[in-house]
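A short worksheet on the structure shown next.
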Amino acid sequence: MPHIPTDSSDSGRSPLARRSVLGAMAATAAAPALLGLSSPASAAPVVRPRALPGGGDLGPNVIVFDPSTSGIQAKLDEVFRQQESAQFGTGRYALLFKPGTYNGLNAQLGFYTSIAGLGLSPDDTTINGDVTVDAGWFNGNATQNFWRSAENLALTPVSGTNRWAVAQAAPFRRMHVKGGLNLSPTGYGWASGGYIADSRIDGSVGPYSQQQWYTRDSSVGGWVNAVWNMVFSGVQGAPAQSFPNPPYTTLDTTPVSREKPFLYLNGGEYRVFLPERRTNARGTTWGGGTPRGSSLPLTQFYVAKPGVTAATLNAALTQGLHLLLTPGIYHLDQPIQVNRAGTVVLGLGYATLIPDNGVTALKTADVDGVRLAGFLIDAGPVNSSTLLEVGPTGASANHSANPTTIQDVFIRIGGAGAGKATTSMVINSRHTIIDHTWVWRADHGTGVGWETNRADYGIRVNGDDVLATGLFVEHFNKYDVQWHGQRGRTIFFQNEKAYDAPNQAAIQNGAVKGYAAYKVADSVTTHEGWGLGSYCYYNVDPTIVQHNGFAAPNTAGVKFHDLLVVSLGGQGQYEHVVNETGAPTSGTSTVPSTVVSYP
């Protein structure tokens with residue numbers, strides 16, 4: 001098991017430092033005699049922690065290619081065969097391509113597989129070929145194509161159109177598709193995605209069977225259709241606002257955004273680029289050349305490998321290093337504690353944190369500019385009160401100029417085994433940006449049941465001025481989202497209520513039938529949301545009635561735009577959309593009930 005090495009010698013110190021240490025030791029040793037006390041027979045050596053190293057290799061599950069590498073397609077196929085249907089497996093992979101041009105590749109991506117270019121711009125790394133997600137493993141159904149990603153590549157698809165048929169937790173970031181993008185599986189089977197950011201698709205995007213999608217700060221050549229909920233903010237070429245027919249919600253800009261950190265090569269040196277914050281953003285960050293921001297050498301990161309202890313990770317943070325989590329599974333017996341402003345915790349290949357004995361996986365102090373990105377938190381079998389906490393209770397500092405960002409950080413309770421957590425994610429720090437998360441109480445897999453993977457609340461926002469762009473939260477026993485902070489904003493929300501509620505009494509909320517998917521606290525006076533959807537599928541007891549999908553104080557400062565609720569095949573019904581407003585769902589037709597504006 002890795003540990004913090006110690007050093008009791010003074011070799012390697014400067015002569016002045018050695019003299020200072022020797023002088024201090026001499027004074028300490030002399031003190032008993034001066035006081036008339038007897039000296040110990042032997043003094044214990046001074047033990048000091050040795051500095052943890054920064055940088056180093058990226059481990060066996062980060063596979064790096066360059067254009068001269070032989071057998072690239074064979075290696076891609078090998079990883080895909082292993083990961084294609086390993087929905088709850090332990091394999092984790094990052095496939096990284098050095099800048100250059102690669103011909104004739106088809107990188108099929110399975111579970112827990114990330115593919116990325118290592119240039120500063122997507123156009124630095126071109127694949128004349130495809131990066132493909134399809135659903136052959138699940139008989140053409142793409143609704144479980146979770147946990148995979150593509151980033152920082154330019155693609156010239158062989159057929160002219162790249163297929164990316166994904167569901168939740170499968171981001172498509174900083175991509176340049178020199179053609180079209182098809183978001184549905186072969187045969188146009190069911191699909192439930194998804195998220196695009198900072199990308200350019202020269203041709204049209206065809207969602208076809210995709211139920212919902214969010215696209216942010218990008219450029220598209222066209223958009224073919226919509227099913228239930230398609231949301232755009234800051235997207236050049238986006239369709240005009242037209243919800244609910246067709247259900248397009250379009251904001252001209254994104255109020256605040258800051259792109260996800262990413263690994264790149266500067267010559268032969270790995271660095272991590274930190275994109276700068278943008279306000280009223282529109283279009284990509286890289287279209288005009290080098291993106292704006294700063295970078296850090298890998299030597300300023302502790303490169304963590306599976307098996308490392310939480311104590312070592314915290315020692316690295318205390319030492320002033322950032323964390324790079326290489327692909328794999330990390331068990332934690334204490335929280336990772338981020339206390340320093342500007343700290344980066346970046347995961348590769350869906351690095352997975354499992355808190356043991358009911359601890360919280362990660363906590364931050366109320367400081368500026370923390371960046372959490374690219375990892376999965378998997379609840380352990382002992383209930384954790386929380387899994388991720390941003391800022392301590394009562395946090396109140398102003399972070400408007402340099403917010404904390406949470407990007408492609410996903411949370412799972414159950415599925416890979418029994419897990420429990422009372423509240424999955426708690427946001428206490430002001431101005432935090434939640435940019436694409438999927439917080440999921442599992443509805444399938446192992447360790448799944450109304451009490452087996454009990455998780456009452458998904459996300460609780462206590463901090464003021466928090467912005468969520470791309471919020472996916474599903475299946476919690478009570479509220480999926482609770483919002484207590486003032487001036488909160490959400491652009492795109494996708495939710496399913498818990499399938500496995502045994503009966504009406506199990507979800508009863510006092511006199512109210514069921515807990516709303518998205519609850520704004522009665523104390524809130526200002527809040528706004530765009531493009532929010534909640535679905536029910538009470539298949540254990542189809543007679544269950546959910547009063548509404550959304551609940552909020554009825555005040556002019558709390559505003560919603562483009563809301564919908566859907567009963568999937570009539571398995572349970574909604575009485576209203578938001579509060580007492582909106583028509584009930586009915587029958588088995590799976591037709592949304594919508595509210596364009598509230599109040």
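Worth saying up front: this structure is predicted, and the values here are computed from it rather than measured. Quick note: residue numbers are just sequence positions, from 1.
Nearest heavy atom pair, residue Ala498 against residue His475, reads CB-O, 3.4 Å.
Remark: Phe88 engages His444 in a ring-ring contact (aromatic ring centres under 6.0 Å, His included) (not counting sequence neighbours). Taking Tyr93 as the reference, nothing meets the ring-ring contact (aromatic ring centres under 6.0 Å, His included) condition, with sequence neighbours excluded.
The distance between the ring centers of Trp213 and Phe172 does not fall below 6.0 angstrom. Here the two rings, on Phe410 and His436, have centers that are under 6.0 Å apart.
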For this session: Please lay out, stage by stage, how Tyr538 and Gln546 fare under the test side-chain hydrogen bond (donor to acceptor under 3.5 Å, both in side chains).
Result: CA-CA 10 Å; Tyr538 288 117; Gln546 177 81 26; 2.7 Å; yes
Exercise. Given Ser149 and Ser114, is the side-chain hydrogen bond (donor to acceptor under 3.5 Å, both in side chains) satisfied, shown in steps?
Worked result: CA-CA 5 Å; Ser149 66; Ser114 298; 2.9 Å; yes
Problem set entry | Test log, rule side-chain hydrogen bond (donor to acceptor under 3.5 Å, both in side chains), inputs Thr404 and Thr432 | CA-CA 5 Å; Thr404 285; Thr432 298; 5.1 Å; no
For this session: Using the side-chain hydrogen bond (donor to acceptor under 3.5 Å, both in side chains) rule, take Asp541 and Asn503 through it: C-alpha gap first, then chi angles, then the decisive distance, then the call.
Result: CA-CA 6 Å; Asp541 181 358; Asn503 49 50; over 6 Å; no
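Annotation: cation-pi geometry satisfied between Arg92 and Tyr112 (NZ/CZ under 6.0 angstrom from ring centroid, within 45° of ring axis).
When only modelled atom types and interatomic distance are considered, Gln212 and Ser192 share a side-chain donor-acceptor pair under 3.5 Å.
Contact check for Tyr515 versus Asn477: no side-chain heavy atoms found under the 4.5 Å cut-off.
Rounded to the nearest 0.5 angstrom, Thr590 OG1 and Gln571 CD are separated by 9.0 Å.
We find that Arg441 and Asp480 are not joined by a salt bridge, their nearest charged nitrogen and carboxylate oxygen being 4.0 Å or further apart. Of the charged side-chain nitrogens involved, none lies within less than 4.0 Å of a carboxylate oxygen, so that Glu259 and Arg174 do not count as a salt-bridged pair.
Applying the salt bridge (Lys or Arg N to Asp or Glu O under 4.0 Å) test to pairs two or more places apart or on separate chains, those with a residue in residues 423-439 are Arg173-Asp435, Arg216-Asp435, Arg430-Asp465.
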